[in-house]
Enquirer: 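Here it is, the structure in full.
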Amino acid sequence: MSYFVMEDGDDAGRSGRTGRAARAATLVTRLQAMQRQINAKNFAVLRINGRGMPAARKLTCVLHNWGVASEANAYDLIKVYGDELLQHLDRSLLPVLWDGQGEHQAAEATDFRQFTRRLEGRQLSYSGIAFPIRLGAQGNGYVVFAGSYLDASGEQIVDLHGRSAHIMTDMLAADEKRFFKAEALSDREIACLQMAGDGHISEEIAEKMGLSVHTVNAYLGAATTKLDSVNRIQAIAKAIRLGYIS
């Protein structure tokens, strides 16, 4: 399984594929560095597909380094713990741990135990720690680290959870860049959004840019539409994720 979807096409398509492959490689490098912190052998990123009632949603493995065992490992994880992970994500953002089937396969967080959720049963061929991430309507799921014996300190768990959130945010931004590429923002729209994000009202933006308030609102409205947002605040947040503004 690969996170970035390969597409056929002309030179522009090949350029897009190259860019996606480079982003995937960067994510893999970051995740591998994270797994080494807790002696994990592998990582996997699970994202939720579907909306609404729990029965309509499912977890899908979208990025991993399980190699030839990927299909079996991803299938087993989702089959055994998928429902519990979905329910947990609705209720809590505490990290989730489980022990593997082997005698010495365990996932420990000794000094952080009260701030984690442990899944019962030694049902998988590996132990694991899963960090739940919620980014809104999209980009929800888990960053998972798997191995034989995992022992993470409270400091490591807090650090890895934060970095997992950045991983998921970057993946969501990559999705949105593909979806909104044809509706790229103009320089004026970006400038207006940046100043709005800095806390300036339309009248202040108009004065600074030498435009009418009507024109500023038109730029902000166009940017909001292009970003498929319901209001200016959501548009600013999405523009930050996409890297249009800071």
Side-chain angles (χ1 to χ4, degrees), residues 1-7 20 23-24 26-28 30-31 34-35 40 42-66 69-98 107 115-121 123-124 126-146 150 157-158 160-181 227-230 234-235 237-238 240-242:
M1 300 177 189
S2 176
Y3 174 70
F4 292 101
V5 179
M6 304 302 288
E7 299 173 343
R20 288 191 290 278
R23 287 192 293 271
T26 299
L27 289 171
V28 167
R30 290 162 59 187
L31 287 160
M34 292 163 67
Q35 78 182 38
N42 301 104
F43 67 79
V45 179
L46 309 180
R47 289 181 65 177
I48 294 178
N49 286 337
R51 300 182 184 181
M53 298 298 292
R57 297 178 299 161
K58 64 178 181 178
L59 286 167
T60 303
C61 183
V62 295
L63 184 67
H64 65 83
N65 66 343
W66 268 321
S70 62
E71 295 291 342
N73 285 342
Y75 174 81
D76 289 344
L77 173 57
I78 293 169
K79 179 182 179 182
V80 172
Y81 291 130
D83 289 342
E84 286 186 77
L85 290 173
L86 283 172
Q87 293 169 15
H88 178 75
L89 190 61
D90 287 337
R91 300 191 301 262
S92 173
L93 289 177
L94 294 181
V96 176
L97 292 80
W98 67 86
F115 301 111
T116 63
R117 158 85 187 284
R118 181 167 293 278
L119 301 179
E120 298 301 324
Q123 303 185 60
L124 297 176
Y126 50 86
S127 306
I129 299 178
F131 295 99
I133 308 297
R134 284 202 303 250
L135 299 178
Q138 301 292 328
N140 300 329
Y142 287 87
V143 175
V144 178
F145 297 99
L150 309 179
I157 286 180
V158 171
L160 289 174
H161 206 165
R163 291 165 70 183
S164 295
H166 286 300
I167 291 286
M168 202 73 87
T169 300
D170 290 347
M171 294 175 79
L172 178 59
D175 278 349
E176 291 176 332
K177 280 182 179 177
R178 287 207 310 277
F179 295 151
F180 298 122
K181 186 175 181 181
L227 293 170
D228 193 29
S229 300
V230 298
Q234 186 182 28
K238 188 168 287 188
I240 292 172
R241 283 207 306 271
L242 293 172

Enquirer: Can you name the closest pair of heavy atoms from Lys238 and Asp228 and give their distance?
Expert: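 The pair with the smallest heavy-atom distance is NZ-O, 3.7 Å.
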
Enquirer: What verdict does the side-chain contact (heavy atoms from CB on, under 4.5 Å) test give for Met171 and Val62, after you've listed the backbone C-alpha separation in whole Å, the side-chain angles of each residue and the deciding distance to 0.1 Å?
Expert: CA-CA 10 Å; Met171 294 175 79; Val62 295; 3.8 Å; yes

Enquirer: Is Asn65 atom CG crowded by more than 12 heavy atoms from other residues, nucleotides or ligands, each under 6.0 Å away?
Expert: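 Counting neighbours around CG of Asn65, more than 12 heavy atoms of other residues, nucleotides or ligands fall under 6.0 Å, so yes.
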
Enquirer: Decide yes or no for His64 and Asn42: does some side-chain heavy atom of the first lie under 4.5 Å from some side-chain heavy atom of the second?
Expert: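 Not in contact.
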
Enquirer: Under a 4.5 Å cut-off applied to non-hydrogen side-chain atoms, are Leu93 and Arg134 in contact?
Expert: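 They are in contact (side-chain heavy atoms under 4.5 Å apart), so the answer is yes.
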
Enquirer: Less than 4.5 Å apart, side chain to side chain, heavy atoms only: is that true for Leu77 and Tyr142?
Expert: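 SC-SC contact between Leu77 and Tyr142 ruled out.
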
Enquirer: Go through the steps for Leu160 and Ile129 under the test side-chain contact (heavy atoms from CB on, under 4.5 Å), then give the verdict.
Expert: CA-CA 10 Å; Leu160 289 174; Ile129 299 178; over 6 Å; no

Enquirer: Measure from the side-chain N and O atoms of Thr169 to the backbone N and O of Ala165, and report whether any donor-acceptor pair falls under 3.5 Å.
Expert: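 Present.
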
Enquirer: Taking all atoms of both residues into account, what is the closest heavy-atom pair of Ala44 and Cys61, and its distance?
Expert: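 Where Ala44 meets Cys61 most closely, the heavy atoms are CB-SG, 4.2 Å.
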
Enquirer: Nearest 0.5 angstrom please: Gln87 CD to Arg57 CZ, how far?
Expert: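 Rounded to the nearest 0.5 Å, the CD-CZ separation comes out at 9.0 Å.
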
Enquirer: Specify the closest pair of heavy atoms between Pro132 and Pro95, including all atoms of both residues, with the distance to one decimal.
Expert: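 Scanning both residues completely, I find the closest heavy atoms to be CD-CA, 3.9 Å.
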
Enquirer: When rounded to the nearest 0.5 angstrom, what is the spacing between CG in Leu46 and CD1 in Ile133?
Expert: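 Separation between the atoms: 11.5 Å.
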
Enquirer: Considering non-hydrogen atoms only, spot the tightest contact between Trp98 and Leu124 and give its length.
Expert: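 Scanning both residues, the minimum pair turns out to be NE1-CD1, 3.5 Å.
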
Enquirer: So, the side chain of His161 versus the backbone of Leu94: is there a donor-acceptor pair under 3.5 Å, distance only?
Expert: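 Such a contact is absent between His161 side chain and Leu94 backbone.
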
Enquirer: Does any N or O in the side chain of Arg47 come within less than 3.5 Å of the main-chain N or O of Leu63, such that one atom is a donor and the other an acceptor?
Expert: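 Pair absent, no side-chain N/O of Arg47 close to backbone of Leu63.
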
Enquirer: Let me confirm one number: the CG-CG distance from Leu59 to Leu85, rounded to the nearest 0.5 Å.
Expert: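 Result: 6.0 Å between the selected atoms.
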
Enquirer: Would you say that Phe131 contacts Arg163 through its side chain, given a criterion of any heavy-atom pair below 4.5 Å between the two side chains?
Expert: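 No, every pair of side-chain atoms sits at 4.5 Å or beyond.
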
Enquirer: Hey, are the side chains of Val143 and His166 touching, using non-hydrogen atoms and a 4.5 Å cut-off?
Expert: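 Not in contact.
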
Enquirer: Look at the side chain of Tyr126 and the backbone N and O of Asn73, then say whether any donor-acceptor pair between them is shorter than 3.5 Å.
Expert: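 Yes: the side chain of Tyr126 pairs with the backbone of Asn73.
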
Enquirer: So Leu27 and Phe43, do their side chains get closer than 4.5 Å, heavy atoms only?
Expert: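 Not touching, per the 4.5 Å side-chain cut-off.
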
Enquirer: Do the non-hydrogen side-chain atoms of Arg30 and Asp170 ever get within less than 4.5 Å of each other?
Expert: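 Result yes, sub-4.5 Å side-chain heavy-atom pair found.
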
Enquirer: Could you tell me the separation between the CG atom of Leu97 and the CG atom of Leu150, rounded to the nearest 0.5 Å?
Expert: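 That separation rounds to 8.0 Å.
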
Enquirer: Just how far is it from atom OG1 of Thr60 to atom CG of Asn49, taken to the nearest 0.5 Å?
Expert: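 That separation rounds to 3.5 Å.
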
Enquirer: In Å and rounded to the nearest 0.5 Å, what is the NE2 to CG distance from His88 to Asp90?
Expert: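 With rounding to 0.5 Å, NE2 (His88) is 10.0 Å from CG (Asp90).
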
Enquirer: Show the nearest heavy-atom pair for residues Met34 and Ser164, with the distance to one decimal.
Expert: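 Smallest heavy-atom distance, with atoms named: CE-OG, 3.5 Å.
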
